[in-house]
Number of protein chains: 2
Amino acid sequence: MGGLNVVDLTTAIENFNRYYIRLPSVQQLSFTTLSVLDALVSGGPKRLTELVKTEQISQPGLTQLVTRLERDGLVERRPDPADGRAVLVHLTEAGRAVRQARQDERERRLAPLIARLTPGEREAIASALPALTRLAELGAEAEAQA
Amino acid sequence: MGGLNVVDLTTAIENFNRYYIRLPSVQQLSFTTLSVLDALVSGGPKRLTELVKTEQISQPGLTQLVTRLERDGLVERRPDPADGRAVLVHLTEAGRAVRQARQDERERRLAPLIARLTPGEREAIASALPALTRLAELGAEAEAQA
DNA sequence: CGCGATACATAAGGAGCTTATATATGTCCG
DNA sequence: CGGACATATATAAGCTCCTTATGTATCGCG
């Protein structure tokens with residue numbers, strides 16, 4: 001009672017993700033791409049270095065990703081007034097719109113499924129979200145130390 | 001009270017996945033690769049066609065993936081006695097071991113994080129897992145119809 | 001038996017990652 | 001205050017893994 005089995009958690013997440021991860025986005029954007037857009041929405045303009053820490057990808061990989069995003073008009077590179085070496089990655093309006101569209105798409109797909117759950121199931125998931133979020137935070141922390 | 005907001009769900013999952021998805025595996029195996037191994041573990045030998053339905057990837061993509069898995073000894077192709085056109089993909093012992101190793105790795109990484117949650121948080125997550133699993137099933141169903 | 005459907009494979013090309021390395025700017029110490 | 005080391009980003013080369021288009025073999029059925 002009250003025990004959280006790690007295998008149960010990973011199995012459930014794995015099953016959920018098998019469906020969820022593949023949810024097509026409006027344009028075909030990679031997981032990492034969307035993760036970067038998310039990071040910029042919630043945290044404002046960021047240096048490449050900061051993004052490298054949270055997105056688990058190499059620095060050159062991120063440079064290239066930002067280059068692609070810039071080419072597609074979703075993002076802008078601006079110099080950091082405080083540091084001549086650094087670049088601040090700004091989200092453009094188009095970038096914000098794409099992210100929103102993706103969010104809407106997911107809502108459109110998930111809402112009818114959620115409607116088919118029982119009230120108890122909905123309640124159970126809702127109650128778990130804060131804890132899941134905290135788990136992710138702890139994970140990010142642990143990652144940052146290493 | 002009791003309402004499950006779609007945006008809250010996707011946000012929480014997104015945050016969790018940002019950490020979780022990138023958890024390095026023993027060898028560097030892609031998300032799709034592991035998903036296929038999972039499918040074979042839980043469902044036994046399968047035709048390529050069956051796998052194409054659940055793994056959201058093109059048929060040639062899956063053929064290539066299975067070829068790589070076979071090259072790495074994780075999987076074997078055997079003829080389907082019932083249908084000369086078909087191939088049955090069997091998991092090898094090595095494949096099973098790799099999947100188990102990945103599971104262990106995740107356990108090793110997640111367990112200390114889970115230990116830092118409060119009992120209430122652990123309970124909340126544990127209670128949500130059946131509902132999450134059902135949500136994934138509903139998603140897979142919906143997908144299959146389309 | 002032969003024709004459309006089904007199961008899988010092959011080919012060509014591109015996206016997106018990796019490691020190794022280059023370039024520019026900042027920091028700090030003697 | 002000049003040079004050495006550190007930091008922030010970019011470039012290059014290469015590989016993995018996906019895509020679409022197409023080929024080949026077997027099945028099922030009139």
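Judged purely by atom type and a 3.5 angstrom limit, Glu70(B) uses its side chain to pair as donor or acceptor with the backbone of Arg77(B). One N or O on the side chain of Thr92(B) and one on the backbone of Leu74(B) form a donor-acceptor pair closer than 3.5 Å. Glu121(B) contributes a side-chain N or O that, together with a main-chain N or O of Thr118(B), makes up a donor-acceptor pair within less than 3.5 Å.
Computed from C1' positions of five pairs at each end, the angle between the two local axes of the helix from dC1(C)-dG30(D) to dG30(C)-dC1(D) equals 10°, rounded to 10 degrees.
Per the geometry, CZ belonging to Phe31(A) stands 17 Å off C1' belonging to dC17(D), to the nearest Å. Atom CD in Glu50(A) sits roughly 14 Å away from atom C1' in dT7(D) (whole-Å rounding). In this structure, the CG atom of Leu51(B) is 16 Å from the C1' atom of dT6(C), given to the nearest Å. When the P atom of dT16(D) is taken as reference, atom CG of Asp72(B) falls 10 Å away, rounded to whole Å. Following rounding to the nearest Å, Leu29(A) (CG) and dG16(C) (P) show an atom-to-atom distance of 8 Å. Look at CG on Leu65(B): it is 14 Å from C1' on dA9(C), rounded to the nearest Å. The NZ-C1' distance, from Lys53(A) to dT9(D), rounds to 14 Å in whole Å. Distance CG (Asp80(A)) to P (dA24(C)): 19 Å, rounded to an integer number of Å.
Of all nucleotides listed (dC18(D), dA7(C), dA10(D)), dA10(D) comes nearest to the side chain of Arg77(A). Considering only the side chain of Ala86(B), dC8(C) comes nearest among dT9(D), dC17(C), dC8(C). Comparing dA9(C), dC17(D), dT9(D) against the side chain of Leu48(A) picks out dT9(D) as the nearest.
A salt bridge is absent between Glu137(A) and Arg116(B); no separation between the charged side-chain nitrogens and carboxylate oxygens falls under 4.0 Å.
Side-chain contact check for Ile57(A) versus Val52(A): every heavy-atom pair is 4.5 Å or farther apart.
A residue-by-residue look at Leu88(A) and Arg71(B) shows that Leu88(A) has its nearest nucleotide of DNA chain D further toward the 5' end.
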Arg96(A) and Leu40(A): CA distance, side-chain angles, deciding distance, side chain to side chain contact (heavy atoms under 4.5 Å, CB included) verdict: CA-CA 9 Å; Arg96(A) 211 173 296 271; Leu40(A) 292 176; over 6 Å; no
Worked verdict on Arg47(A) versus Asp80(A) for side chain to side chain contact (heavy atoms under 4.5 Å, CB included): CA-CA 8 Å; Arg47(A) 293 183 170 198; Asp80(A) 183 341; 3.3 Å; yes
Candidate pair Leu9(B) and Leu135(B), rule side chain to side chain contact (heavy atoms under 4.5 Å, CB included), full reasoning: CA-CA 12 Å; Leu9(B) 172 61; Leu135(B) 193 54; 4.0 Å; yes
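The side chain of Thr63(A) contributes an N or O atom lying less than 4.0 Å from OP1 or OP2 of dA10(D). At least one side-chain nitrogen or oxygen of Arg68(A) sits closer than 4.0 Å to the OP1 or OP2 atom of dC17(C).
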Contact pattern, 5' to 3', of nucleotides 19-26 of chain D - B, S or - by protein heavy atom under 4.0 Å: BBB----B
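Gln59(A) and Thr63(A) share a side-chain donor-acceptor pair at under 3.5 Å.
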